[in-house]
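First comes the structure, then the notes that go with it.
Labels below follow one simple rule: chain letters A, B, ... track the order of the sequence lines, proteins then strands, and each chain is numbered from 1.
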Protein chains: 2
Amino acid sequence: MDAFEVLWGERGAPRRGPRPTLTVGELAKAGIDLADREGLGAVTMQRVAEALGVTKMATYRYVPGKDELIALMVDTAMGEPPELSHIDGGWRPQLKAWTMAMFDLMRAHPWALRATVGRRVTGPNELGWVEKALGALAEARMDGGQKMDVVVALTGQIRAIIEQAADTSEEDIAEGWAKVLATRAERFPHVVKALAESEQHKSRDQGLEFGLERILDGVELYLSRQ
Amino acid sequence: MDAFEVLWGERGAPRRGPRPTLTVGELAKAGIDLADREGLGAVTMQRVAEALGVTKMATYRYVPGKDELIALMVDTAMGEPPELSHIDGGWRPQLKAWTMAMFDLMRAHPWALRATVGRRVTGPNELGWVEKALGALAEARMDGGQKMDVVVALTGQIRAIIEQAADTSEEDIAEGWAKVLATRAERFPHVVKALAESEQHKSRDQGLEFGLERILDGVELYLSRQ
DNA sequence: AAGACACAGTGTACGGTAGACACAGTTTCA
DNA sequence: TGAAACTGTGTCTACCGTACACTGTGTCTT
């Protein structure tokens, strides 16, 4: 049983033996709850098992190892992709809605960022999200590779905004960058200036909005040139 | 001694006691070598210490913990930011050169992606990179927050491309997505189509190029509207 | 009906991890 | 010439993922 099978294979009830007391779904949910409340570092086989009232070795009956549990958590947390087809106005408002939905999701589960770096197996929900985004672009005059590149750019934007928000949260910026910039302002004049000017509109949704509109503008311009 | 001090404080030679046999720089370099060769998972205090010929506890004389060592590795691997002022043509070619330079860097040290998720302290080199990018935008008609948003969008694009490349490397795509799409093509028709069409031009630099040009187009359009 | 079989959850054990702490040796300052 | 400050070492603890043997349970086959 590998990660692929855990994510994509359906689990028929076993023919013989005692009934399983858990399901992979419950396992994933327990992990997600733990990660939401205490961060990804708190997700250990021990604690997940505790939350479900079994010993940690019991979890290995459902999942071959921790990596696969995390993968399962990610795909479960991602959930069903949103329906976009009812949104009027073509690909642009649809992609915007898609991006916002994923942004909200990632903000609700910030640990998912850390859990989705490096090589991993794509789960059904995650692939469903990609499918929806590509569906929004179905009529656009670009080849498939370029459509995929647009989707990649959007996910990159989401991640970047959330990570920047994590880096520059109120207390961090106060005791981090500010501490540096106070003593070394002459070495980073542009950073100092940019930070000073951005004090006013500090909402992170605004940062997402701005970058997102630039990307969509760029795509629109590209399409209008074809 | 916290992460901030490790990254930003200079370490004067101690007044008394035996000479330190190492420097924080050597520590960082040993960690980087290890991570480059065997991945971030191979970086343990034990193995870093071994590579330097000391016991693992000796490393704690230079660095308060592993997190700080990783932060140091990241900032060291990032290195001095490239000089952009000599590049003609205004902010756009400069930002493009900046992005390409960072892309090359991240490809040379793929572990840096995993090491730069979540809350962390920004080091001097990393801040220097941001400074250079903002410098390229110094004359642009945007406020500082928007300039910062552009930089964030560019870093997001770099990360997204590299992670996508890791996910969809040749063998992974063959035994991962392809395996799914073969049996469930009807569920993900747009993904199937996009992947088929993108078979031809599979170079990842092309993916970076495309997304990057869209972003820069979007920024340019925004500036032309001001 | 009864045994064989497949499976679930438990308990124990192991190698590896980060890091705390006490200690011995070394260099410099008072 | 101590005393003080500092380095690297050895030992120890708590925790991690996970391998493996075992007991108990439900079902299929004879």
Asn125(B), Leu72(B), Thr122(B), Thr76(B) screened by side chain to side chain contact (heavy atoms under 4.5 Å, CB included) with Leu7(B), the one that passes: Leu72(B)

Rounded to the nearest angstrom, tell me the gap between atom CZ in Arg16(B) and atom P in dG2(D). 16 Å

No-H, no-angle donor-acceptor pair, Lys56(A) side chain to dT18(D) base, under 3.5 Å: yes

Measure from CE on Met1(A) to C1' on dA19(D) and round the result to the nearest Å. 15 Å

Got a donor-acceptor contact below 3.5 angstrom from the Trp129(A) side chain to the Gly79(A) backbone? yes

If only atom types and distance count, is the side chain of Gln94(B) paired as donor or acceptor with the main-chain N or O of Leu84(B) below 3.5 Å? yes

Nearest heavy-atom pair of Leu34(B) and Ala42(B): which atoms, and what distance? CD2-O, 3.5 Å

Using a 4.0 Å heavy-atom cut-off across all strands, classify Met45(B) as base, sugar-phosphate, or nothing. sugar-phosphate

Gap between atoms OH and P, on Tyr62(A) and dT18(D) respectively (whole Å): 18 Å

Can you identify which nucleotide, out of dC16(D), dT9(D), dT7(D), has its nearest atom closest to the Ala58(B) side chain? dT9(D)

Walking DNA chain D from its 5' end, the first of Thr59(B) and Gly41(A) to be reached, judged by nearest nucleotide, is Thr59(B)

Just so I know, are the side chains of Met45(B) and Val48(B) near enough to count as touching, which here means a heavy-atom distance under 4.5 Å? no

Degree of bending, the helix from dA1(C)-dT30(D) to dA30(C)-dT1(D) (end axes from five pairs; round to 10°): 10°

d(CZ, Arg47(A); P, dA14(D)) in whole Å: 18 Å

Considering every strand and a 4.0 Å limit on heavy-atom distances, what is the contact class for Arg61(A): base, sugar-phosphate, or nothing? base

Tyr60(B) side chain N/O closer than 4.0 Å to the phosphate oxygens (OP1, OP2) of dT7(D)? no

Arg15(B) CZ to dA5(D) C1', straight-line distance once rounded to whole Å: 12 Å

What one should report as the nearest heavy-atom pair of Ala35(A) and Met73(A) is CB-CE, 3.9 Å

Are there more than 12 heavy atoms of other residues, nucleotides or ligands under 6.0 Å from atom CD of Glu186(B)? yes

Students should find that the nucleotides of DNA chain C closing off the region near chain B, any atom under 4.0 angstrom from a heavy atom, are dT17(C) to dC29(C)

For Met57(A) and for Pro64(B), find the nucleotide of DNA chain C with the closest heavy atom, then tell me which residue's nucleotide is more 5'. Met57(A)

Residues in contact with DNA chain D, drawn from residues 17-39 of chain A - heavy-atom cutoff 4.0 Å: Gly17(A), Pro18(A), Arg19(A)

